[in-house]
Amino acid sequence: MNKVEILEGAQKAILESDANRATELAQRGLAEGIDPIELMNEGFVLGINKVGDLFSVGKLFLPELLMSSKAMEAATGIINAALPSTANKGKGKLVIGTVEGDIHDIGKTIVASLFKANGFEVYDLGRDVPIPRFVEEAERVGAHLIGSSALLTTTMTGQKRLEEELKESGLREKFKTIVGGAPVTQRWADRIGADAFAEDATDGIKKAKQLLEQG
Ligand code: B1M
């Protein structure tokens, strides 16, 4: 199989909710030397985005969405594990999680893995994380950055509450905040007063480095 066939196959495996095929293609893609992030973005993510589009127009229903997610989780597990781990953990500490009420964690976990691979010390709180937990954990570990993910228009408000919580507790200047997730935009980040918006995992690393350089 060549690279194009693997990437197309990856997309199709997610569309067809085929976890075995997704697993096989994730392993195969890595073995063929495809860059893990490219394999993710140009293959599996295109598949899950199509699933999301079909779901939103009623051409596919929740059970299929769940099964495609399982296939996606199988592939991302393999790809995340393959991201190079670095012994140099000096880049900064990041606390990250998906906000309260929101159980979408595929993208957040990719972001966490890429930060780890880039030398950040990552404290991943998981999904459906109560807003005060972000602040408590950031204080506990002496984080530099707090990253929050929201995939639902109804849970994006959690990112706003995080900003408010930080201000109310007098800790806003202590941490840099980065927001991300499919419905999240630069405009939203500006509106709520977050320090940065990240489009994807790679952009997250770029923005984090910029924020830390600014001090
Ligand atoms: Co849900 N879901 N879902 N879902 N789901 C969406 C988000 C939706 C857009 C689908 C649609 O209708 N088109 C829609 C939201 C509509 C809206 O709010 N306007 C939706 C809905 C409605 C729902 C339910 C309400 C469905 C229901 O029950 N009726 C329900 C909600 C449950 C809840 O959270 N309370 C639900 C459930 C689920 C599953 C559990 C089945 C599953 C999630 C499984 C899991 O995550 N473990 C699921 C999935 C898979 C999706 C879609 C199809 C795909 C999400 C995904 O994994 N994308 C999604 C449609 C879509 O987004 N196109 C959809 C791939 C991932 C790599 O991208 O997460 O965007 P993403 O992350 C990117 C960037 O956004 C960024 O970097 C990542 C990597 O590039 N990023 C960050 C993300 N977080 C960041 C944090 C950072 C920086 C960057 O900080 C440093």
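Note that these values count all heavy atoms, side chains included, but never hydrogens, waters or copies made by symmetry. Both counts, for ligands and for their atoms, begin at 1 and track the order of listing.
Screening D102, V99, T98 for a side chain to side chain contact (heavy atoms under 4.5 Å, CB included) involving L152 leaves a single residue, D102.
The main-chain N or O of G29 is never found under 3.5 Å from a side-chain atom of E32 such that the two would form a donor-acceptor pair. Within the 3.5 Å criterion, the main-chain N or O of K93 finds a donor-acceptor partner in the side chain of H144. Side-chain N or O atoms of T155 include none that pairs as donor or acceptor with a backbone N or O of G101 at under 3.5 Å.
Using a non-hydrogen distance threshold of 4.0 Å, G101 registers as a contact of ligand 1. Heavy-atom separations between K207 and ligand 1 are all 4.0 Å or longer. Contact analysis leaves A208 out of contact with ligand 1, as no non-hydrogen atom separation drops below 4.0 angstrom. Residue M40 places every heavy atom at 4.0 Å or more from ligand 1. Contact annotation: A201 has at least one heavy atom less than 4.0 Å from an atom of ligand 1. Under the 4.0 angstrom criterion for non-hydrogen atoms, I48 is in contact with ligand 1.
G107 CA, 3.3 Å is the protein heavy atom nearest to atom 72 (O) of ligand 1. Nearest protein heavy-atom neighbour of atom 4 (N) of ligand 1: H104 NE2, 2.8 Å. Atom 9 (C) of ligand 1 has L151 O, 4.8 Å as its closest protein atom, hydrogens excluded (heavy atom only). With respect to atom 44 (C) of ligand 1, the closest heavy atom belonging to the protein is E73 OE2, 3.7 Å. Taking atom 83 (C) of ligand 1 as the reference point, the nearest protein heavy-atom neighbour is G181 N, 3.4 Å. What sits closest to atom 84 (N) of ligand 1 on the protein, heavy atoms only, is S149 OG, 2.7 Å. Of all protein heavy atoms, the one lying nearest to atom 33 (C) of ligand 1 is I103 CG1, 3.5 Å. Of the protein's non-hydrogen atoms, the one nearest atom 39 (C) of ligand 1 is S69 OG, 4.0 Å.
Pairing each heavy atom of P36 with each of I79, the nearest pair is O-CG2, 3.6 Å. For the residue pair T23 and I78, the shortest heavy atom distance occurs at CG2-CD1, 3.4 Å. Closest of all the heavy-atom pairs between L94 and I146 is CD1-C, 4.3 Å. In terms of heavy-atom proximity, R172 sits nearest to D195 at NH2-OD2, 2.9 Å. The minimum heavy-atom distance between E64 and S17, with the atom names listed, is O-OG, 3.7 Å. A pairwise comparison of heavy atoms in Q159 and W188 identifies OE1-NE1, 3.0 Å as the closest pair.
Between R161 and E165 there is no salt bridge, since no side-chain nitrogen of the basic residue lies less than 4.0 Å from a carboxylate oxygen of the acidic one. In this structure, E100 does not pair ionically with R133, as no charged nitrogen and carboxylate oxygen lie closer than 4.0 Å. In this structure, D124 pairs ionically with K108, as a charged nitrogen and a carboxylate oxygen lie closer than 4.0 Å. R21 has a carboxylate O that lies under 4.0 Å from a charged side-chain N of E24, or vice versa, which qualifies the two as a salt bridge. With respect to K91 and E121, no salt bridge is recorded, no charged nitrogen being found less than 4.0 Å from a carboxylate O. Ion pairing of R140 with E137 is present here, as a side-chain N (NZ or NE/NH1/NH2) and a carboxylate O approach within less than 4.0 Å.
Checking only distances, K108 never comes within under 3.5 Å of ligand 1, N or O to N or O. The shortest N or O to N or O distance between D105 and ligand 1 is under 3.5 Å. Residue G147 places no N or O, backbone or side chain, under 3.5 Å from any N or O of ligand 1.
Close contacts between ligand 1 and I110 involve ligand atoms 67 (C) [criterion: under 4.0 Å to a heavy atom]. Remark: ligand 1 atoms within the under-4.0 Å shell around heavy atoms of V45 are 67 (C). Per-residue contacts place R127 under 4.0 angstrom from the following atoms of ligand 1 (heavy atoms of the residue considered): 47 (N). Near F55, meaning under 4.0 Å from any of its heavy atoms, are these atoms of ligand 1: 10 (C), 11 (C), 12 (O), 26 (C). Within the listing of ligand 1, atoms 34 (O) sit less than 4.0 angstrom from a heavy atom of D102. Those atoms of ligand 1 with a heavy atom of D200 less than 4.0 angstrom away are 76 (C), 77 (O), 80 (O). Near I178, with a cut-off below 4.0 Å to any heavy atom, the atoms of ligand 1 are 90 (O), 91 (C). Heavy-atom proximity to A198, at under 4.0 Å, picks out these atoms of ligand 1: 88 (C), 89 (C).
When heavy-atom distances to ligand 1 are checked against a 4.0 Å cut-off, V111 comes that close only through its side chain, counted from C-beta outward. Contacts of T154 with ligand 1, taken as heavy-atom pairs under 4.0 Å, are absent altogether. Heavy atoms of P183 found under 4.0 angstrom from ligand 1: none, in either backbone or side chain.
With rounding to the nearest 0.5 Å, the separation of CG in L145 from CG in L212 is 4.5 Å.
Distance check on atom 59 (C) of ligand 1: every protein heavy atom falls at or beyond the 4.0 Å cut-off. For atom 24 (C) of ligand 1, the nearest protein heavy atom is 4.0 Å or more away.
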